[in-house]
Amino acid sequence: MPELPEVETVVRGLRPVLPGRRIASVRLGKTDFIDDPAALERELPGCRIADVQRRGKYIVLPLERDARGDNSPLLIVHLGMTGRLAVQAAVAPAAAHTHAYFTLDDGRELRFTDPRRFGRIALFSAAQFAAAFARLGAEPLEVSEVDFRRLLAGRRARIKALLLDQRFLRGIGNIYADESLWRAQLHPMRLGASLSFADAHRLLEAIRHILRAAIRLGGSSISDFVDANGLPGEFQMRHRAYDREGKGCFRCGARIRRIIVTGRSSYFCPRCQPTPRLRRAAQRKKKSARRK
DNA sequence: CGTTGAACCTGTTTGC
DNA sequence: TGCAAACAGGTTCAAC
């Protein structure tokens, strides 16, 4: 569920609420997705939440410790596939699979809910944070076209694999990869280095357009995504490729197809997003197979 | 460098 | 109707 636009939507919902609040206490349920549960219970009470930020698909809460405040830690939350983070009244009944409760100094609670527990919560020192996040690629809404072309140069991986690789760009997942490739009219199996100047230009434009539109509509709600206020997004109404197997292409009418690329379902229009030329060895193999 | 497949875990949808 | 298989927004790791 949560890719860059959904995480951004959650962050924008929390930003008017959390900064300035202090964490009074911590309660944990299942903890197998938390790096060091004991550290949360030990370190968090008394900390003031200074800000709410997003880095790729990560939510980052910089904290300030009591008086002197140096060596301040950062609380990191990743929503995985089914994670939710929301502030609720302490008396409100908790949704099923709510595994972390952070009581705030106004009596309300910041709650983390995640049925599949693919999410992650960690408490990082400034140094740990810098080291961990140095591996992530650029923000797709901030990278320049020149840098984007440099990233593609020499990459023999499929463009779909690159878009999903958080060290290439951070924040794009399966939905927005497919939607961007559809808009740019590029087949998901194209190799990164094979993209022409014009291809790369169209792809970056598509990524920017799609992500901005999705943020504007509060993200995509496929089955269970809701923002920090419990409201679903609306960008799923605008999907042109994702989860549309067998339906007509919005551009040319051809039936959208689903194939597996990099182990993930990939939806594309076989007419608008033409199959790349195969490499010679693979091509020979196919030809001989066809002759039989 | 790249790719593939499996693993993590639960819930929902699909197919026989 | 019932049960099993397939599938799901993500990340990581081993094996090739």
Side-chain angles (χ1 to χ4, degrees), chain A residues 1-11 29-35 54-59 76-85 95-100 112-122 132-133 135-137 140 151-181 188-194 210-211 214-215 217-227 232-239 241-246 258-267 276 278-279 281-282 285:
Chain A
M1 152 232 325
E3 304 180 31
L4 187 153
E6 290 75 35
V7 179
E8 179 65 24
T9 298
V10 170
V11 163
K30 292 188 177 174
T31 58
D32 52 355
F33 62 96
I34 301 176
D35 283 31
R54 178 188 62 73
R55 297 265 184 122
K57 299 175 191 171
Y58 290 87
I59 297 165
I76 307 301
V77 179
H78 193 295
L79 300 176
M81 295 267 260
T82 52
R84 289 188 202 178
L85 191 64
H97 307 289
T98 299
H99 299 301
F112 180 79
T113 306
D114 186 1
R116 291 177 76 178
R117 304 202 302 283
F118 282 0
R120 181 178 175 196
I121 297 182
F133 281 70
R135 302 181 200 192
L136 292 182
L151 288 172
L152 286 167
R155 296 302 299 265
R156 300 173 144 264
R158 293 159 177 162
I159 188 61
K160 173 80 183 255
L162 291 175
L163 292 179
L164 293 178
D165 183 349
Q166 303 300 297
R167 293 165 305 185
F168 180 76
L169 290 179
R170 59 184 194 230
I172 297 174
N174 208 32
I175 293 176
Y176 297 103
D178 282 3
E179 292 300 308
S180 298
L181 290 170
M189 302 251 270
R190 287 282 301 273
L191 302 190
S194 83
I210 296 285
L211 294 179
I215 291 170
L217 292 183
S220 302
S221 294
I222 297 300
S223 66
D224 53 10
F225 170 72
V226 291
D227 66 16
E234 294 178 351
F235 192 72
Q236 68 281 3
M237 313 292 294
R238 304 272 267 264
H239 290 176
Y242 183 80
D243 205 21
R244 297 196 67 248
E245 182 178 19
R258 179 174 86 101
I259 59 175
I260 302 299
V261 182
T262 317
R264 310 293 301 279
S265 277
S266 299
Y267 301 88
L278 301 165
R279 275 170 307 186
K285 218 176 176 181

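Below, chains carry the letters A, B, ... as their sequence lines are ordered, and counting in each starts from 1.
Here A/Y242 lies in heavy-atom contact (under 4.0 Å) with sugar-phosphate atoms only. At a threshold of 4.0 angstrom between heavy atoms, the contacts of A/G263 with the nucleic acid are absent.
The distance between atom CZ of A/F168 and atom P of B/dG2, rounded to the nearest whole Å, is 10 Å. To the nearest angstrom, P of C/dG10 lies 10 Å from CZ of A/R116. To the nearest angstrom, P of C/dT11 lies 9 Å from CD of A/E3. Regarding A/R55, its CZ atom lies at a distance of 19 Å from the C1' atom of C/dT11, rounded to whole Å. The nearest whole Å value for the distance from the CG atom in A/L136 to the P atom in C/dG10 is 14 Å. Going from atom CD1 of A/I259 over to atom C1' of B/dT4 covers 15 Å, rounded to whole Å. With rounding to whole Å, A/R258 atom CZ is found 12 Å from C/dA6 atom P. In this structure, the CE atom of A/M81 is 11 Å from the C1' atom of B/dC8, given to the nearest Å.
For the pairing with A/R84, the side-chain contact (heavy atoms from CB on, under 4.5 Å) check across A/T113, A/D227, A/D114 returns one residue only, A/T113.
For A/E6 (side chain) and A/S220 (main-chain N/O), a donor-acceptor pair under 3.5 Å exists by modelled atom type. The backbone N or O of A/G171 sits less than 3.5 Å from a side-chain atom of A/Q166, completing a donor-acceptor pair.
Using C1' as the reference atom, C/dC3 and B/dC8 are 25 Å apart when rounded to the nearest Å. With P as the reference atom, B/dG5 and C/dC7 are 13 Å apart, rounded to whole Å. Taking atom C1' in both C/dT1 and B/dT10, one finds a spacing of 24 Å when rounded to whole Å.
Proximity note for A/H97 (side chain, C-beta onward) versus C/dT11, B/dT10, B/dC9: the nearest is B/dT10.
Residues A/R116 and A/T82 have side chains that never bring a donor and an acceptor to within less than 3.5 angstrom of each other.
Between the side chain of A/R117 and the base of B/dC9, no donor-acceptor pair under 3.5 Å is found.
Contact detail for A/A161 and A/T262: the closest heavy-atom pair is CB-OG1, 3.4 Å. Between A/I215 and A/T9 the shortest heavy-atom distance is O-OG1, 4.4 Å.
OP1 or OP2 of C/dT11 has at least one side-chain nitrogen or oxygen of A/K57 nearer than 4.0 Å. Put simply, A/K30 has no side-chain N or O that comes within less than 4.0 Å of OP1 or OP2 on B/dC8. Taking only side-chain nitrogens and oxygens, A/S265 comes nearer than 4.0 Å to OP1 or OP2 of C/dA8. Between A/Q166 and C/dT11 there is a side-chain polar atom (N or O) within less than 4.0 angstrom of OP1 or OP2. Between A/R155 and B/dG2 there is a side-chain N or O to OP1 or OP2 distance below 4.0 Å. Between A/H78 and C/dT11 there is a side-chain N or O to OP1 or OP2 distance below 4.0 Å. Contact annotation: A/R120 side-chain N/O to B/dC8 OP1/OP2 distance is not under 4.0 Å.
Stacking is found between A/F118 and the pyrimidine-like six-membered ring of the B/dC8 base under the 5.5 Å centre-distance and 30° plane-angle cut-offs.
Across all strands shown, B/dC9 forms no Watson-Crick or G-U wobble pair with both key distances under 3.5 Å.
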